[in-house]
Protein chains: 2
Amino acid sequence: MTEDFSTLIHYFERLQKLSPASQEAIKAICSAVHIPKNQDLQAIGHTCKTIYFVKKGIARIYYYKDGTDITESFALENSLIARVESLFTGKPSKKGIQVLEDADFIGIHSPALFDLYDAFPEIERLFRKIFEAAYVDTVNRIESIQFHTAEERYHDLITSSPDILQRVPLKHIASYLGITQVSLSRIRAKGAR
Amino acid sequence: MTEDFSTLIHYFERLQKLSPASQEAIKAICSAVHIPKNQDLQAIGHTCKTIYFVKKGIARIYYYKDGTDITESFALENSLIARVESLFTGKPSKKGIQVLEDADFIGIHSPALFDLYDAFPEIERLFRKIFEAAYVDTVNRIESIQFHTAEERYHDLITSSPDILQRVPLKHIASYLGITQVSLSRIRAKGAR
DNA sequence: CCTACTTTTTAACATATGTAAAAGGAATCC
DNA sequence: GGATTCCTTTTACATATGTTAAAAAGTAGG
């Protein structure tokens, strides 16, 4: 095990102080994963048993709705990505994770992680905090989707992630915003006027 | 303390087995609250420090968006309600909780609850599970909002909560669905044809 | 460099939902 | 029980977004 998981431990420690024993326990269930652009990190139909940390690159969670490809979310550097609706229910996910730029991930094996909760309450606490924060983000996103126009959401997105336009195809941004490519094009044309 | 919190303990035990000591610790930070119809259980601007369990009645979380009253969610009997974006951040909430039918709640004081996490890991685990499940629901709700029409969401709602139509004003259902009363009326008229 | 493929834009038309105003119903209060 | 207020529906019109198709622009491979 020569891999360097310190980036991840550092990320975790900003949320929850971890004893050396906890840190080692976490590292022991991590693995490094490199995936080239346009490949799937996790396929549709697969039950999610790994939480990924993005060291480098971009990934997206996507699924098919009536035959069209929908992006549920993006994950950029220094963030976690997982299909929680499968992770927490144990059911196969209707969603996949695709890599949009050659990417380096750290994978955390979730059944092993959940086993650590008994021996290391601070690890359970860490992930409680992580998912509480993700939950709050998701509640706020509902407000954003439901009560802002697609145009407002587009401008919010490029404000919060200015480089995303250069890094992911517009069609994925359109489906992420809940609109068609055509609508997004119109919005962009309008903004350029 | 003559109050009966056994409904709540029973609700919790379906998710996580609790020792008698944990049960007593939880009961010690609970209180019974009765609120009449149309009153606020928690006001807008107040920092959320109580998680409520609905024993009887209906409540909704609401806020104002450009002056119009928006319902974020409903809570019926045998469910928990809290403004998580305030609960987990400690910031004042822009949302309030209003009672739509005379209601009986059990309030759980959240700072006291979070203090229990150190002494009772199984209580921390219980609430981790509760909020993980709520998180999954919220992720699924985004899919529902973004990729189903208002009409589909209306029919989904009355399928999953058939009695809600009789119990809450349509205007709240409309804003919950992300549409105007007028649109909801149109959808209902269409269905009756 | 040329071809093929993918992505993005543009155009024309259809539809769902929003806005505003008015009217009909239902509940509440004195 | 009449008046008032709130809730719901209806109408007419405006607008945003969807759908389909085609053109244009950009990208990748031989």
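Nothing here was measured: the structure is a model prediction, and the numbers come from that model. A note on names: the letters A, B, ... follow the listed sequences, proteins ahead of strands, and every chain is numbered from 1.
A:Arg60 and A:Tyr176 are not linked by any side-chain donor-acceptor pair at a separation below 3.5 angstrom, with hydrogens and angles left out of the test. Looking at A:Gln16 and A:Arg125, their side chains never bring a donor and an acceptor atom within 3.5 Å of each other.
Taking the six-membered ring for Trp and thresholds of 30 and 60 degrees, A:Tyr52 and A:Phe105 have ring planes more than 60 degrees apart, a perpendicular arrangement.
Rounding to whole angstrom units, CG of residue B:Leu177 and C1' of C:dG18 are separated by 15 Å. Across the protein-nucleic acid pair, B:Asp69 atom CG and D:dT8 atom P stand 12 Å apart, rounded to whole Å. For B:Arg186 and D:dA12, the CZ to P distance is 13 Å, given to the nearest whole Å. In this structure, the CD atom of B:Gln146 is 14 Å from the C1' atom of D:dT17, given to the nearest Å. At whole-Å resolution of the value, CD in B:Gln166 and C1' in D:dC7 are 15 Å apart. Between B:Gln181 atom CD and C:dT17 atom P the separation is 16 Å, expressed in whole Å. Put simply, CZ on A:Arg153 is 11 Å from C1' on D:dT17, counting in whole angstrom units. Atom NZ in B:Lys171 sits about 15 Å away from atom C1' in C:dG25, given to the nearest Å.
Contact between the side-chain N/O atoms of A:Arg188 and the OP1/OP2 oxygens of C:dT9 is found at a separation under 4.0 Å.
Nearest to the side-chain atoms of A:Ala150 among the listed nucleotides D:dT17, D:dT10, C:dT17 stands D:dT17. Listed candidates were D:dG18, C:dT10, C:dT17. Nearest to the side chain of A:Ser183 is D:dG18.
Sequence order on DNA chain D of the closest nucleotides to A:Ile179 and B:Leu170 puts B:Leu170 first from the 5' end. Both A:Thr180 and B:His172 sit near DNA chain D, but only B:His172 has its closest nucleotide nearer the 5' end.
A:Ile97 and A:Leu87 are members of different hydrophobic clusters when ILVMFWY side chains are connected at heavy-atom separations under 4.5 Å.
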